[in-house]
Amino acid sequence: MIPRRYASIICSSIAGLAACWLIPGSKVERYAFLVTTVPFTGSESVIDGDGSPEKPYANKTSREPDFKKISQPLDITITDDPNRIFQQSPPSPVDFAIILKNLIRLRQNSVSIGIPLTWTDPETIPLAALDKQLDSFANLVTAAPLSRGSVPSPLPAAFRRGSISLSQVHGNTALVPVVNRIPIPGVLLGNEKSLAGFTTLESEPDRNSLPLIAIWDDRVVLSFHLLAALNHLKISPASIQVNLGRHIYLGKNSCYIPIDSYGRLSHFPATFKSIKPKTFAAENLLDATAQTFAQHDSPSAVIRNTQPAQDLPSMEFSNSLIQTVTLFSNPSHGFSIKYYGYLSKDIELLFIAALLSLIFGIQNLYPGSEGRRPLIVLTFVWILLHFPIVHLTATWIPTLPALATLCVSIYFTRRKTNQYRRGRFQLPW
């Protein structure tokens, strides 16, 4: 018959080793991670990852933003022009050229135009004047919807400049929408320096989702929202990294935008939907002075269409544009994403071996039922240490395998006294 002290260690070892292999990624561990992290981050938390080195656990939380510290782009709105300042409504190419010229006059050199610049049968000279005016900006983002057709088109230069390489995307890119054409003819995107992003994807009919990336040939094109935010932050698309199913990292500390496996925004904090933009009607730019415009001081401006006569997808895009760009421009204020590392199996096994050695020593130092009390105390101490260790080190430690090992050892610490153990480990004093 195996002595009880050896039966305790053998069964505890089996429990600890089994827990090391079976618990990671299980519902039990995810619930334990939720209990560990949510009390410190708030109620609007989403648990991500499976605890593996490839997909470590992460806690995605919506933060309550400090609106005094939030940086917003200036909201330039195209209205119905009630005073008939412009030639046409919606504005003609000449009107748009005047709007852009006045923005240059008012020293606004970073502009994102969230309206596809296309007209039916436009005159050649006004269109050429607008096209030339687009090159006056140091930082310009233009927009167009994208779709997928049977006959592909070459990737326009502005979309290529605003895109990223496939090497900057990590994960299963087979789920990302694929596009190959602009469904509207003759859209102006700028010439030499401008970047272009998509407003909508016709292949994504779900208007409740917000796709942020799409694949065109060997490049990954970005949404207008994301490019406008990068323009506001003065960040190059080459500096971002996309982790599908996790986040888009903007290249700055704490600048993470959570996305799903399809490259769509996975969470939008409700607080950002109530943001009041710094609005300036486009027709007021003509009479604006530098002093008046300075009251709306902002690193960039976004031009959007607020006319009620536009189609529903365009209206929905415009209505949420400023709030979305503001959110992406302040990701550290709206999103909190904290990743927790995971110990390798070798380190976990060494930890369990050290714990078994400690348990064996306690059982021999305190024979019989006397050993239960220090083991129970050790269990509670480890539970209490679990929370500060996880949060201070941002590492998910093998607490559950340790608890499995301790619980089995406590169960096998019987009331009967093992005389052999007491005699062999008799203290000299």
Side-chain angles (χ1 to χ4, degrees), residues 44-50 55 58-63 112 114 141 143-148 159 162-166 168-183 195-216 219-230 233 235 237 240-251 255-273 275 312-332 334-337 339:
E44 285 193 64
S45 297
V46 178
I47 304 302
D48 188 31
D50 57 11
K55 290 186 177 181
N59 190 294
K60 301 178 180 179
T61 308
S62 295
R63 287 184 174 180
S112 300
V141 178
L146 297 180
S147 65
R148 184 178 184 180
F159 270 101
S163 66
I164 62 177
S165 67
L166 283 171
Q168 292 174 248
V169 180
H170 308 281
N172 183 15
T173 56
L175 300 177
V176 178
V178 177
V179 295
N180 58 13
R181 60 188 290 267
I182 299 176
L195 312 180
F198 60 83
T199 55
T200 57
L201 299 178
E202 291 188 353
S203 58
E204 295 289 309
D206 184 9
R207 291 198 294 267
N208 295 322
S209 65
L210 181 61
L212 299 182
I213 60 173
I215 296 177
W216 189 331
R219 302 291 293 180
V220 179
V221 293
L222 308 181
S223 75
F224 177 82
H225 309 82
L226 184 54
L227 279 178
L230 295 179
L233 293 169
I235 295 176
I240 74 172
Q241 291 289 328
V242 179
N243 286 273
L244 294 172
R246 294 169 58 186
H247 63 260
I248 297 176
Y249 176 56
L250 301 187
C255 287
Y256 296 96
I257 298 174
I259 59 172
D260 61 17
S261 299
Y262 297 87
R264 302 174 299 200
L265 180 66
S266 61
H267 184 61
F268 196 106
T271 49
F272 271 80
K273 295 180 180 179
I275 287 178
L312 184 58
S314 299
M315 182 178 296
E316 292 176 344
F317 168 81
S318 177
N319 289 342
S320 62
L321 179 57
I322 294 299
Q323 287 84 356
T324 306
V325 174
T326 301
L327 174 63
F328 292 173
S329 301
N330 301 268
S332 59
F335 302 121
S336 174
I337 304 180
Y339 290 94

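Note that the coordinates shown come from a computational prediction; the quantities given were computed from them, not determined experimentally.
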Determine, step by step, whether V242 and V220 satisfy the side-chain contact (heavy atoms from CB on, under 4.5 Å) criterion, reporting the C-alpha distance in whole Å, the side-chain angles of both residues, the deciding distance to 0.1 Å, and the verdict. CA-CA 10 Å; V242 179; V220 179; 5.9 Å; no
Which distance, rounded to the nearest 0.5 Å, do you find between the CZ of F159 and the CG of L146? 4.5 Å
For the atom pair CG (L222) and CD1 (I248), what is the distance rounded to the nearest 0.5 Å? 7.5 Å
At their closest point, which heavy atom of V176 faces which heavy atom of A214, and how far apart are they? CG1-CA, 3.9 Å
Q168 side chain to I240 backbone, donor-acceptor under 3.5 Å: yes
Any chance you could measure I257, atom CD1, to I259, atom CD1, to the nearest 0.5 Å? 9.0 Å
Among residues at least two apart in sequence or on other chains, which ones pass side chain to side chain donor-acceptor pair (under 3.5 Å) with D260? R264
Are there over 12 heavy-atom neighbours, none belonging to R181, within less than 6.0 Å of that residue's CZ? yes
State, to 0.1 Å, how close F198 and I213 come at their nearest heavy-atom pair, and which atoms those are. CZ-N, 3.8 Å
Heavy-atom pair with the smallest gap, counting every atom of T199 and A143: CG2-CB, 3.5 Å
What distance separates L250 CG from L226 CG, expressed to the nearest 0.5 Å? 6.5 Å
Taking the side chain as everything from C-beta on, heavy atoms only, tell me whether S163 gets closer than 4.5 Å to W216. no
Could you work out, with ring pair (Phe, Tyr, Trp, His ring centres under 6.0 Å) as the rule, every residue matching F317, not counting sequence neighbours? H225
Quick check for you: to the nearest 0.5 Å, what is the distance between N180 atom CG and S147 atom OG? 7.0 Å
As an exercise, state the distance from OH of Y262 to CG of L175, rounded to the nearest 0.5 Å. 5.0 Å
On a heavy-atom basis, which atom in F328 and which in L210 lie closest, and how many Å separate them? CZ-CD2, 4.3 Å
With a 4.5 Å cut-off on side-chain heavy atoms, are P258 and R246 touching? no
P211: which of T200, L201, V179 passes side chain to side chain contact (heavy atoms under 4.5 Å, CB included): L201
Full working for side-chain contact (heavy atoms from CB on, under 4.5 Å) between I215 and L166: CA-CA 9 Å; I215 296 177; L166 283 171; 4.2 Å; yes
Looking at every heavy atom in both L244 and G171, which two are closest together, and how far apart are they? CD1-C, 4.0 Å
Any sub-3.5 Å donor-acceptor pair from S320's side-chain atoms to E316's backbone N or O? yes
N319 and M315, any side-chain heavy atoms less than 4.5 Å apart: yes
